[in-house]
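The basis for the numbers below is simple: all heavy atoms, side chains too, and nothing from hydrogens, waters or symmetry mates. All chains are named by letter (A, B, ...) in the order of the sequence lines, taking the proteins before the strands, and each is independently numbered beginning at 1.
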Protein chains: 2
Amino acid sequence: MARRPRAETMQENRQRLMAAARKAFAEKGYAAASMDELTADVGLTRGALYHNFGDKRGLMAAVVHQIDAEMAAEARRIAESTAPGWPALLAEGEAYIAMALRPEVQRIVLLDGPAVLGDPSKWPSQDSCLHATRDAVDALIADGTLLALDPEAMARMLTGAALNAALWVAASDQPDLVLPRAVVAFRQLATGFLAKPGPGLAPTRSGPQIRGLRTTSP
Amino acid sequence: MARRPRAETMQENRQRLMAAARKAFAEKGYAAASMDELTADVGLTRGALYHNFGDKRGLMAAVVHQIDAEMAAEARRIAESTAPGWPALLAEGEAYIAMALRPEVQRIVLLDGPAVLGDPSKWPSQDSCLHATRDAVDALIADGTLLALDPEAMARMLTGAALNAALWVAASDQPDLVLPRAVVAFRQLATGFLAKPGPGLAPTRSGPQIRGLRTTSP
DNA sequence: GCAATCAGATACGCTGTGTATGTGATTAAC
DNA sequence: GTTAATCACATACACAGCGTATCTGATTGC
């Protein structure tokens, strides 16, 4: 028989369990997701689950970590494809807004995550998204672009505003329609941290675009 | 016997159940709170609970509604005891930050609430806090103090930033120490919505006050 | 005073988690 | 190459907790 190394199949099983968990948690919510069902879906039993993740919460932690990492990576990609500095920070925030519209992110990371794992800043993953934003803020403070306040607080408020805006957008009747308004408001709010606020504020001009579009730099 | 009217004792039982629920939900979290224990604590059984609130979630909704209303009332009181207009809006936001430090508010409203009941904007209570902030924003837009963006989005982001900041403060090692920094950052961020940003930004001047106590500025 | 109502209690079933134990395959020792 | 140890996962069990269906004694309206 194809003697596959043990560690390999184990890794694959972990992946499959996490994939199933993402699906179940996103669709039914953490509380309503049955571990029995979930494991059966990928041809395993709860035995495998408890062996790999300790308990249901452990699986949740792993899933949240994974999604969080993906989000941070995507935000970083977007930020890097933008003019560095202030526009990149804005782009990052907008990226979070856009990502938070995905049901998976919304349900797992924003709604159930804090309830199950506590505040994001204490997550095992240490919350990559927050970290990334904090780094960006640090750089912009050193840079003189932003006011020298507590960078942790600033990062926290920016991501908080962005993610909260996203929840609002998602809960609305026509997400596609209100999304641009949220983005505009976010951009405007963020200017509060600028060391020298741009003179002409023309927020609604130049059409707010998300995901890849040029952010108007002051 | 003292023939108390039925509606009266029923009302009292409801109150007692809710009081017990606030305690249990705050201390153990929604998921870990046992309805059997909770009802026994006030000398009742689950029968009373299901009769009055439908199910566990119904009880949670009632509790959240109650706390939310209390928060909104308190915020309003604070706002009214401040110079009307912009300062009042800031005071309101700061009040939310301070209130969110209370374990009850934090655990029930901020962490478990969204997971159990969904996004605050869809809560039965319609989220009084959000509503209050929105009204304040509306007035300040009409007033010309704030930029005329989507008021819903603005309110959402302000409360989002405030509450997120509070969670951050609460999760920190020395809440008392970082709270002032959060307040300063909040005040500064909020200026982003001002129609004409003040020239000299002296956020720490005039002492950010939380619940009546003067925060030490570093 | 009597019947209808109703708040709350009692009893039951069921789902789901966690744990303790079992087992067959893989790995490592000799 | 055989054997012993390990280990990933399965099986079996105990138990807590939610929801519902049914019951009961008190209150209310007539």
Side-chain angles (χ1 to χ4, degrees), chain A residues 1-64 108 112-113 115-117, chain B residues 1-64 108 112-113 115-117:
Chain A
M1 291 303 278
R3 302 275 238 108
R4 294 213 4 227
R6 208 177 213 187
E8 196 173 307
T9 68
M10 191 179 175
Q11 191 62 22
E12 188 191 315
N13 282 344
R14 240 205 285 258
Q15 298 288 93
R16 282 164 54 180
L17 285 173
M18 287 179 64
R22 284 177 72 143
K23 192 166 180 304
F25 287 157
E27 287 174 0
K28 313 185 174 186
Y30 175 81
S34 162
M35 295 295 101
D36 258 328
E37 245 180 76
L38 192 157
T39 50
D41 281 348
V42 294
L44 295 170
T45 68
R46 285 205 337 262
L49 197 161
Y50 284 90
H51 188 73
N52 279 293
F53 299 97
D55 61 353
K56 189 177 182 179
R57 225 186 118 188
L59 178 60
M60 178 65 161
V63 166
V64 165
I108 300 180
D112 286 338
V116 177
L117 305 175
Chain B
M1 293 300 281
R3 302 274 239 108
R4 300 223 348 240
R6 206 177 216 187
E8 197 174 307
T9 68
M10 192 179 174
Q11 192 61 24
E12 188 191 314
N13 282 344
R14 239 205 285 258
Q15 297 288 93
R16 282 164 53 180
L17 285 174
M18 286 179 65
R22 281 175 74 142
K23 191 166 180 301
F25 287 159
E27 288 174 359
K28 314 184 174 187
Y30 175 81
S34 161
M35 295 296 100
D36 260 327
E37 244 179 79
L38 192 156
T39 50
D41 281 349
V42 292
L44 295 170
T45 67
R46 286 210 328 270
L49 197 160
Y50 284 90
H51 189 73
N52 278 294
F53 299 96
D55 60 353
K56 188 177 183 180
R57 223 185 120 190
L59 178 59
M60 177 67 162
V63 166
V64 165
I108 300 180
D112 286 338
V116 177
L117 305 174

Round to the nearest Å and state the distance from [X] atom [atom1] to [N] atom [atom2].
| X | N | atom1 | atom2 | answer |
| --- | --- | --- | --- | --- |
| Arg46(B) | dG17(D) | CZ | P | 10 Å |
| Glu12(A) | dA8(D) | CD | P | 15 Å |
| Leu38(B) | dG19(D) | CG | C1' | 16 Å |
| Leu49(B) | dT10(C) | CG | C1' | 15 Å |
| Tyr50(A) | dG18(C) | OH | P | 4 Å |
| Arg57(A) | dG18(C) | CZ | C1' | 15 Å |
| Met10(B) | dT28(D) | CE | P | 13 Å |
| Asp36(B) | dA9(C) | CG | P | 11 Å |

Could you check whether any side-chain heavy atom of [X] comes within less than 4.5 Å of a side-chain heavy atom of [Y], counting everything from C-beta outward?
| X | Y | result |
| --- | --- | --- |
| Asp112(A) | Phe25(A) | no |
| Asn52(B) | Met10(B) | yes |
| Thr45(B) | Asp36(B) | no |
| Ile108(A) | Val63(A) | yes |

[X] near the nucleic acid: base, sugar-phosphate alone, or nothing, with a heavy-atom cut-off under 4.0 Å?
| X | answer |
| --- | --- |
| Asp55(B) | sugar-phosphate |
| Leu44(A) | sugar-phosphate |
| Thr45(A) | base |
| Ala32(B) | nothing |

field: Which nucleotide in dT17(C), dC18(D), dA10(D) has an atom nearest any side-chain atom of Met35(B)
entry: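 Of dT17(C), dC18(D), dA10(D), dC18(D) is nearest to the side chain of Met35(B).
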
Taking 4.0 Å as the cut-off, does a side-chain nitrogen or oxygen of [X] come that near to OP1 or OP2 on [N]?
| X | N | answer |
| --- | --- | --- |
| Asn52(B) | dG8(C) | yes |
| Asn13(A) | dA8(D) | no |
| His51(B) | dA7(C) | yes |

field: NZ/NE/NH1/NH2 to OD/OE distance under 4.0 Å, Arg22(A) and Glu27(A)
entry: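 No salt bridge links Arg22(A) with Glu27(A).
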
